[in-house]
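Step one of this worksheet: look at the structure below.
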There are 2 protein chains.
Amino acid sequence: MKNPIADLNKIFDSRIRLGVMSVLVVNNEIGFNDLKQMLELTDGNLASHLNTLEQAEFIKVHKGFIGRKTSTTYSITALGKQAFKAHLDALEKMIRKL
Amino acid sequence: MKNPIADLNKIFDSRIRLGVMSVLVVNNEIGFNDLKQMLELTDGNLASHLNTLEQAEFIKVHKGFIGRKTSTTYSITALGKQAFKAHLDALEKMIRKL
DNA sequence: TAAAAGTGCTTTGTTTTTCAAAGTTAAATA
DNA sequence: TATTTAACTTTGAAAAACAAAGCACTTTTA
């Protein structure tokens with residue numbers, strides 16, 4: 001039997017980053033505050049996890065306005081989609097033995 | 001939309017503990033060294049994760065002998081099976097939106 | 001118009017978690 | 001007898017997670 005965890009992506013070990021990605025897969029764009037409320041996080045905590053995902057180029061940021069109010073939204077990148085899918089495939093392979 | 005990560009079990013955030021559980025689900029008993037080789041871990045690292053799982057009563061230890069040589073094996077408990085399944089269900093629910 | 005509140009962070013510092021390395025005890029093998 | 005193996009425990013360092021506070025800016029409210 002080979003190492004069942006070797007293909008899991010370390011970035012997605014975090015439940016929060018997993019949650020962000022899962023939200024971004026179904027919402028092609030979501031705001032900082034919506035995400036914050038959805039995942040029940042403090043600003044700093046969310047911001048740092050978003051930063052990790054951005055560094056990995058799994059998500060990208062859009063800074064814009066709603067009317068004249070600033071609004072930051074996030075979306076998943078092609079690379080992010082691919083990496084997330086690969087992770088889920090690895091997870092599935094790992095547990096399909098059930 | 002409600003918090004998609006609320007039902008994930010914190011104990012299974014760790015890829016290693018996830019790996020241990022997934023191995024134990026299909027092997028009703030496995031030895032320390034087999035697990036160590038399978039997951040490619042140092043003794044101390046594996047031992048401490050096994051300890052976490054044991055504290056949670058998700059696995060149990062059997063200390064015995066092969067001939068007169070000590071042999072430690074691990075198996076999953078009913079509680080562990082249940083908790084692991086609940087975690088996988090939560091994961092699945094989270095990603096079935098795809 | 002002054003105060004309060006919201007947005008989206010960054011910074012700071014603490015707590016928690018992870019991990020490798022070394023030490024340990026007892027038995028097995030060369 | 002010396003070395004090796006099994007299965008840890010202990011120690012300590014590094015990394016990660018997190019809350020709280022601060023901040024710059026804008027908008028809303030009193």
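Sequence lines set the chain letters: A, B, ... in the order given, protein chains first and strands last, and positions in each chain run from 1. Not measured: the values here are computed from a predicted model.
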Would a distance-only check, ignoring hydrogens and angles, find a side-chain to backbone donor-acceptor pair under 3.5 Å from [X] to [Y]?
| X | Y | value |
| --- | --- | --- |
| Ser22(B) | Ile95(A) | no |
| Thr77(A) | Phe58(A) | yes |
| Asn27(B) | Val23(B) | yes |

Side-chain donor-acceptor pairs under 3.5 Å in residues 4-12 of chain B, sequence neighbours left out?
from	atom 1	to	atom 2	distance (Å)
Asn9(B)	OD1	Ile11(B)	N	3.0

Can you tabulate the close N/O pairs, meaning under 3.5 Å, that link protein atoms to atoms of nucleotides 17-21 of chain C?
from	atom 1	to	atom 2	distance (Å)
dT18(C)	OP2	Arg17(B)	NH1	3.1
dC19(C)	OP2	His49(B)	NE2	3.3
dC19(C)	O5'	Asn45(B)	ND2	3.4
dA20(C)	OP2	Thr42(B)	OG1	3.0
dA20(C)	OP2	Asn45(B)	ND2	3.4

Under 3.5 Å side-chain donor-acceptor pair for Thr72(B) and His62(B)
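No pair is found: no donor N or O on one side chain lies under 3.5 Å from an acceptor on the other.
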Say you draw a straight line from NZ of Lys81(A) to CG of Leu79(A); how long is it, rounded to the nearest 0.5 Å?
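Lys81(A) atom NZ to Leu79(A) atom CG measures 11.5 Å (nearest 0.5 Å).
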Between CG on residue Leu88(B) and CD on residue Glu92(A), distance to nearest 0.5 Å:
11.0 Å
Walk along DNA chain D from 5' to 3' and tell me the first and last nucleotide with an atom closer than 4.0 Å to a non-hydrogen atom of chain B.
dA6(D) to dT9(D)
Are Lys85(B) and Asp89(B) close enough for a salt bridge, meaning some N to O gap below 4.0 Å?
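Salt bridge between Lys85(B) and Asp89(B), a charged N being under 4.0 Å from a carboxylate O: yes.
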Write out all pairs satisfying salt bridge (Lys or Arg N to Asp or Glu O under 4.0 Å) with one or both partners inside residues 15-34 of chain A, taking only residues at least two apart or from two chains.
Arg15(A)-Asp13(B)
Does any pair with a residue in residues 35-53 of chain A pass salt bridge (Lys or Arg N to Asp or Glu O under 4.0 Å), and if so which ones, sequence neighbours excluded?
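Qualifying pairs, neighbours excluded: Lys36(A)-Asp43(A).
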Expected list for residues 27-37 of chain A near DNA chain C, using heavy atoms below 4.0 Å, is Phe32(A), Asn33(A)
